[in-house]
Engineer: 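Right, I'll just put the structure down here and ask away after.
Source: prediction; values computed, not measured.
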Amino acid sequence: MPLELVDEPVAPRGIWNWIDENFEKVFLVSGLLAIILFITFQTTYRYIIVHFASSAGAAVWTEELARYIFIWISYLALSVAVRKRSSIRIDIIYDRLPARMQNASWVIVEIFFLILTLTICWYGWTQIERLQEFPQFTTALRIPYIIPYLILPLGFGLMSLRLLQSLTAQVKLCGPLDTALAVVAAGAVIAPAVLAEYIEPLPALFGYFAVLCALGVPIAISLGLSTLATVICAETLPIEYLAQTAFTSIDSFPIMAIPFFIAAGVFMGAGGLSQRLLALADEMLGGLYGGMALVTVATCMFFGAISGSGPATVAAIGALTIPAMVERGYDKYFAAAIVAASGAIGVLIPPSNPFVVYGISAQVSIGDLFIGGIVPGILTGLVLMGYSYFYAKSRNWRGEARPRTIGSLMAAVWEAKWALMVPVIVLGGIYGGIMTPTEAAAVAAFYGLIVGVFVYREIDARKFMDCCVEACETSATIIVLMAMATLFGNIMTIEDVPGTIARAILGFTESKIVVLLLINVLLLIVGTFMEALAAIVILTPILLPVVTGVGVSPLHFGIIIVVNLAIGFITPPVGVNLFVASSISKTKIEHLSRTALPMLGLMILVLLVVTYFPEVPLFFVGNK
């Protein structure tokens, strides 16, 4: 009898629901796999096939096709991020609001987000119309440019649709009164840009950016909207420029290193490499005082050489080591704090996404930045290990008592050999002149996928799809941030903001020591409320002229800014490592923050060494 309750319309509804939930994901999985394979093939072709067949031409088509697929999946992945509300934003005010106002604030956020996506969608279509009238073709494959540029109306149109779906659900949740108040609040913010005949560019740019960030609008969208408001108020640039720059600013081969490194870390975390690294570190350090804490720091250093992400390192390692430390008698706040602090090493030891973003923003060699991060990363790991050892010794926290021999160590090394090969592939490939950083990242992602699927066999079809979607979604939030920061930065350049700030600071003092101290204080403050990648793309064009004016090389400054912002991973209210560790350990963030203070102090000491003794971070790269 129950079978009679299932009528015919159920299947179509199920199909449409599946399409609605997974439409973007199909393209993300196939697109990410395609660009990994294309760039891996390009690298193999250039250094193996061409080497043995000198008459063979370079496979330049692979890079061109991969770039355009990358742009497509980046903006399609943003639709997934929209549904999950996973964009980077400042939550200081939001977290202190009552639940009712939090719900209403999402109506405001999604209205503003929708304004930007509809604007780029509309002017993206005008770009398509121009390309129909005046056709242009790509260099290698002679593809009509209209095809890659279609992502502007289609991608941002899809984002608009997802935002409308989310906004409809939010309106139902808030009710008519709160929705009306939210619309009025959004209108009050928009009114000056629409009604005023003229507003000076800089007050419009920075004023709107500050207000939108305070309202909880994602930082990338705040950058784009403040640029849009400035264009409307001051007519600084043609409004069509926003859509064009949304495409051209990320049509870059070096930027593609970001999704590749993220994919490599995701594949290797899901493929079981973190457990094997942990077992190796336990063989090396597990028998000492605070053995499990030492193992945690060492494993974070190893895993940092794979993932390039602080929160990813905390999530992968903390889920294993925090329960193990608590089980062995460690204080749970210390266990969570040492994982959070050690996770910051993930952005120092190469590969590192912040170094990639800085290298692109400042036009500095990403390879040199990677090498420059090694010594600060090792120093940070050593001081955290020293603190853990003496802290544990004072409380008689011993490591696990079991036989550890050369044989067991060699067995652990052998078991972890596939994970230990990743830094060799990435750094060896770059500094051996075999691969560019982007190619090394693609090869690392391909390698991690092969190991996870065929060697350790811990990645099945479902997990593979989830890994691809996660990697695309995470990288998309970074990519759109860089695209919108390009718009914002162009307005600043037109108005000579970096030059004005540089002249003001250098007019106040020309002391290199004082200037670096002021910048470090500024960056530490910024790191407490702004995510590291957002801070890099916004502050690099402002601060770089200042430091070069007192004789600091762009390479050295890149290391300084990343070490500063790595410390921001454990400074609330936006200390993302603390939040991840707090979630794993089920501890209150305020107590966890207090426990992490000594570790924070030690990391600041490392920062001062890196800042005032440039020969330390530049030891392996020379005086550049």
Side-chain angles (χ1 to χ4, degrees), residues 12-32 68-89 103-129 146-174 179 182-183 186 190 212 216-225 228 239-240 242-247 250 465 468-470 472-477 479-481 483-484:
R13 280 203 301 270
I15 291 172
W16 282 112
N17 286 340
W18 186 92
I19 292 173
D20 182 56
E21 289 292 327
N22 297 283
F23 178 77
E24 299 95 335
K25 295 178 182 179
V26 173
F27 293 99
L28 300 186
V29 173
S30 56
L32 180 63
Y68 296 137
I69 294 174
F70 157 70
I71 295 170
W72 271 74
I73 63 174
S74 293
Y75 285 130
L76 289 175
L78 200 58
S79 293
V80 179
V82 164
R83 300 189 73 169
K84 295 183 179 180
R85 294 179 173 173
S86 58
S87 298
I88 301 167
R89 69 188 206 130
N103 288 329
S105 76
W106 277 109
V107 174
I108 300 174
V109 167
E110 286 170 348
I111 287 173
F112 283 122
F113 205 151
L114 188 59
I115 290 171
L116 183 65
T117 57
L118 287 174
T119 300
I120 296 179
C121 176
W122 175 263
Y123 286 101
W125 182 252
T126 63
Q127 184 73 17
I128 296 299
E129 291 176 334
I146 196 170
I147 294 176
Y149 267 91
L150 270 172
I151 188 58
L152 294 177
L154 294 181
F156 283 89
L158 182 58
M159 276 182 246
S160 301
L161 176 63
R162 296 307 190 191
L163 284 165
L164 285 170
Q165 289 176 325
S166 180
L167 186 58
T168 301
Q170 197 65 33
V171 166
K172 291 179 180 178
L173 179 65
C174 290
T179 299
V183 171
I190 296 168
L212 291 168
V217 178
I219 293 174
I221 307 308
S222 298
L223 289 167
L225 283 172
L228 174 61
I239 197 168
E240 295 86 353
L242 272 70
Q244 185 178 354
T245 304
F247 184 93
I250 64 172
M465 294 182 65
C468 288
V469 173
E470 179 186 347
C472 290
E473 181 188 343
T474 303
S475 65
T477 59
I479 300 303
V480 74
L481 180 65
M484 296 301 111

Engineer: Scan Thr119, Leu118, Ile120, Thr126 and name whichever one has a side chain to side chain contact (heavy atoms under 4.5 Å, CB included) with Trp122.
Structural biologist: Thr126

Engineer: Check side chain to side chain contact (heavy atoms under 4.5 Å, CB included) between Ile111 and all other residues, then give those that pass, not counting sequence neighbours.
Structural biologist: Val107, Ile115, Leu167, Val183, Ala186

Engineer: Determine which pairs satisfy side-chain hydrogen bond (donor to acceptor under 3.5 Å, both in side chains) with at least one residue from residues 74-83, sequence neighbours left out, and list them in order.
Structural biologist: Asp20-Arg83, Glu21-Arg83

Engineer: Checking Glu470 now: which residues fulfil salt bridge (Lys or Arg N to Asp or Glu O under 4.0 Å) with it, not counting sequence neighbours?
Structural biologist: none

Engineer: Of all residues at least two apart in sequence or in a different chain, which pass the side chain to side chain donor-acceptor pair (under 3.5 Å) check with Trp106?
Structural biologist: Tyr94

Engineer: To the nearest 0.5 Å, how far apart are CG in Leu228 and CG in Leu223?
Structural biologist: 12.5 Å

Engineer: Could you pull out all residues at least two apart from Leu173 that satisfy side chain to side chain contact (heavy atoms under 4.5 Å, CB included)?
Structural biologist: Asn103, Gln170

Engineer: If you take all heavy atoms of Ala483 and Ala246, which pair is closest and at what distance?
Structural biologist: CB-O, 4.4 Å

Engineer: How about Ile221 and Leu212: do any of their side-chain heavy atoms sit closer than 4.5 Å?
Structural biologist: no

Engineer: Which heavy-atom pair separates Gly124 from Ala243 by the least distance, and what is that distance?
Structural biologist: N-CB, 3.7 Å

Engineer: Supply the atom-to-atom distance Ile73 CD1 to Ser475 OG, rounded to the nearest 0.5 angstrom.
Structural biologist: 6.5 Å

Engineer: In the structure I gave you, are the side-chain heavy atoms of Met465 and Val469 within less than 4.5 Å of one another anywhere?
Structural biologist: no

Engineer: Enter the distance from Glu240:CD to Leu242:CG here, rounded to the nearest 0.5 Å.
Structural biologist: 9.5 Å

Engineer: The criterion is side chain to side chain donor-acceptor pair (under 3.5 Å); which residues satisfy it with Gln244, sequence neighbours excluded?
Structural biologist: none

Engineer: In chain order, what residues pass the ring-ring contact (aromatic ring centres under 6.0 Å, His included) check against Tyr149, with sequence neighbours excluded?
Structural biologist: Phe247

Engineer: Name all residues meeting the side chain to side chain donor-acceptor pair (under 3.5 Å) criterion together with Ser160; count only those two or more places apart in sequence or in a different chain, and write none if there are none.
Structural biologist: Thr117

Engineer: Side chains of Ile128 and Pro153: does their closest heavy-atom pair fall under 4.5 Å?
Structural biologist: yes

Engineer: Does Phe27 have any ring-ring contact (aromatic ring centres under 6.0 Å, His included) partners at least two apart in sequence or in another chain, and if so, which?
Structural biologist: Phe23

Engineer: Roughly how far apart are Leu28 CG and Leu76 CG, rounded to 0.5 Å?
Structural biologist: 6.0 Å

Engineer: Kindly compute the distance separating CG (Leu163) from CG (Leu158), expressed to the nearest 0.5 Å.
Structural biologist: 9.5 Å

Engineer: Please enumerate all residues that pass side chain to side chain contact (heavy atoms under 4.5 Å, CB included) together with Ser166, with sequence neighbours excluded.
Structural biologist: Arg85, Glu110

Engineer: Quick one: side chain to side chain contact (heavy atoms under 4.5 Å, CB included) partners of Ala81, sequence neighbours excluded?
Structural biologist: Leu78, Ser86, Glu473, Thr477

Engineer: Who are the side chain to side chain donor-acceptor pair (under 3.5 Å) partners of Trp72, not counting sequence neighbours?
Structural biologist: none

Engineer: I would like to know whether Leu116 and Phe156 meet side chain to side chain contact (heavy atoms under 4.5 Å, CB included); could you show each step before the answer?
Structural biologist: CA-CA 9 Å; Leu116 183 65; Phe156 283 89; 5.9 Å; no

Engineer: If you apply the rule side chain to side chain contact (heavy atoms under 4.5 Å, CB included), what do you find for Phe70 with Ile479, and how did you get there?
Structural biologist: CA-CA 10 Å; Phe70 157 70; Ile479 300 303; 3.7 Å; yes

Engineer: Check the pair Val109, Arg89 against side chain to side chain contact (heavy atoms under 4.5 Å, CB included), reporting the backbone distance first and the verdict last.
Structural biologist: CA-CA 11 Å; Val109 167; Arg89 69 188 206 130; 3.9 Å; yes

Engineer: Would you say Ser222 and Val217 make side-chain contact, with heavy atoms under 4.5 Å?
Structural biologist: yes

